[in-house]
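Okay, so here's the structure we're looking at.
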Amino acid sequence: MTLRAIENRSLADEVFGQLLGELIGERWAPGDRLPAERVLSATFGVNRHVVREALGRLEQLGLVRIVQGGGTQVLDPRRSAGLDLLAALAEHAAAVEAPLGPLRAALEMRAGIGSDVARLCAQRAGPELHPALQTACDDLAASPGGVVVLALDERFWRLVLEGADNFAYELAFNSLIRGVHALPRVSVPWLEHELAAGRYRRPIADAITAGDPDGAAQAARQALAPAAEAFTVLASAAPSPPREQESGP
């Protein structure tokens, strides 16, 4: 993706989005330096204050380190970033030229967390939650499809999270759901297929209702793992983008 001058929108937000896409796309390798502020200002057609604000947001996400007098160094997000990066990617999904890698990672994490959340829900949830879970499954099965399935499936999992009573998993879910659902044109078709193949979450709800933690965990993993496996294949087949040569300050 080629950096381009800014039109409309928040200038700093647009600069941030474009640089985010380039960093996630690995245009620069960890340890490289980004082009100098004056170069980025000229490229985007904005003043240096706007560029500085965008770089500050990237530093908060753990994607770069701003060195006083030494330029902006690219970091390895696998070692320096947190789940808030998924939320940022969701908000700027259009800027990420090849989102299969982040989407695959989110789906793999979803499968792992979903399995454990279902297990905890079966252990901890009271009987008052069971009718709501069954109703959520009914609504998923009766859905006409399209983007509405995203909201209905989110409602089901929020009920499971409520029963699991784990605050950390709830926070992780907030980032994951935004990351996985960032691109409806991608997420809706596979979610529709996943729901139909998994009987609209019914095996998960049935195991939770029966108080079967192992069965709930197994049902959740069987429902969620195939999507992660499919996107792993797609991501591994995608070509790597060319990287920029290191730029001076």
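Bear in mind that the values here come from a model prediction, so they are computed numbers and not experimental data. Position 1 is the first residue of the sequence, and the numbers go up from there.
- Checking side-chain atoms of Ser80 against main-chain N and O of Asp76 turns up a donor-acceptor pair under 3.5 Å.
- Taking the side chain as every heavy atom from C-beta outward, Ile24 and Leu85 approach each other to under 4.5 Å.
- Minimum interatomic distance between Arg221 and Pro226 (heavy atoms only, all atoms of both residues): O-CD, 4.1 Å.
- Between Val50 and Glu37, the closest side-chain pair of non-hydrogen atoms is not below 4.5 Å.
- For Arg202, the salt bridge (charged side-chain N to carboxylate O under 4.0 Å, His left out) partners at least two apart in sequence or on another chain are Asp138.
- Heavy atoms only, all atoms of each residue included: Ala227 and Glu194 are closest at CB-OE2, 3.6 Å.
- Contact of the Leu161 side chain with the Asn166 side chain is not registered, since no non-hydrogen atoms from C-beta on lie closer than 4.5 Å.
- To the nearest 0.5 Å, the span separating CG on Leu75 from CG on Leu23 amounts to 9.5 Å.
- Under a 4.0 Å N-O distance rule, the pair Arg110/Glu154 does not qualify as a salt bridge.
- Proximity of Val160 to Leu120: side-chain heavy atoms (C-beta onward) are nowhere separated by under 4.5 Å.
- Side-chain contact between Trp28 and Pro35: present, with at least one pair of heavy atoms (C-beta onward) separated by less than 4.5 Å.
- Side chain of Arg119 to main chain of Ala217: no donor-acceptor pair is present (N/O by atom type, distance under 3.5 Å, no hydrogens or angles).
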Stepwise, does the side-chain contact (heavy atoms from CB on, under 4.5 Å) test hold for Ile113 with Phe173? CA-CA 8 Å; Ile113 288 180; Phe173 178 82; over 6 Å; no

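- No side-chain heavy atom of Thr72 sits under 4.5 Å from any side-chain heavy atom of Arg33.
- Closest non-hydrogen pair, Ala220 versus Ser115, comes out as CB-CA, 3.8 Å.
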Let me see the working for Asp206 and Arg199 under side-chain contact (heavy atoms from CB on, under 4.5 Å), right down to the final yes or no. CA-CA 11 Å; Asp206 287 347; Arg199 293 172 46 214; 4.2 Å; yes

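- Here the closest non-hydrogen pair linking Leu159 and Ala132 is CD1-O, 3.5 Å.
- The CG atom of Leu152 sits 11.0 Å away from the SG atom of Cys137 when rounded to the nearest 0.5 Å.
- Apart from Leu171 itself, the hydrophobic cluster it occupies contains Phe167, where clustering links Ile, Leu, Val, Met, Phe, Trp and Tyr at side-chain heavy-atom distances under 4.5 Å.
- Side-chain contact between Gln222 and Gln218: present, with at least one pair of heavy atoms (C-beta onward) separated by less than 4.5 Å.
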Could you list the donor-acceptor pairs under 3.5 angstrom formed between side-chain atoms of residues 55-68 and any protein atom two or more places apart in sequence or on another chain?
residue: Arg57; atom: NH1; partner: Asp13; partner atom: OD1; Å: 3.1
residue: Arg57; atom: NH2; partner: Asp13; partner atom: OD1; Å: 3.4
residue: Glu59; atom: OE2; partner: Ile66; partner atom: N; Å: 3.0
residue: Arg65; atom: NH1; partner: Gln73; partner atom: OE1; Å: 3.0

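- Contact detail for Ala136 and Phe156: the closest heavy-atom pair is CB-CD1, 4.0 Å.
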Checking Arg201 against Trp157 for the side-chain contact (heavy atoms from CB on, under 4.5 Å) test, could you report, in this order, the C-alpha distance in whole Å, the side-chain angles of both residues, the deciding distance, and whether it holds? CA-CA 10 Å; Arg201 309 301 192 212; Trp157 285 107; 3.5 Å; yes

Please evaluate residues Leu19 and Phe44 with respect to the criterion side-chain contact (heavy atoms from CB on, under 4.5 Å), reporting the C-alpha separation (whole Å), side-chain torsions for both, the decisive distance (0.1 Å), and the verdict. CA-CA 11 Å; Leu19 290 175; Phe44 289 118; 4.1 Å; yes

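- Atom-to-atom distance recorded for His130:NE2 and Cys121:SG is 7.0 Å, nearest 0.5 angstrom.
- Here the CG-CD distance, from Asp212 to Gln123, works out to 10.5 Å after rounding to the nearest 0.5 Å.
- Residues Arg52 and Asn47 have side chains that never bring a donor and an acceptor to within less than 3.5 angstrom of each other.
- When side chains are defined from C-beta on, Leu191 counts as touching Leu150, because their heavy atoms get closer than 4.5 Å.
- Between Gly163 and Leu129, the shortest heavy-atom contact is CA-CD2, 3.7 Å.
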Evaluation steps, salt bridge (Lys or Arg N to Asp or Glu O under 4.0 Å), between Asp32 and Arg27: CA-CA 10 Å; Asp32 286 351; Arg27 178 177 178 181; over 6 Å; no

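- Both Leu224 and Leu107 belong to a single network of hydrophobic side chains, linked directly or stepwise wherever heavy atoms of I, L, V, M, F, W or Y lie under 4.5 Å apart.
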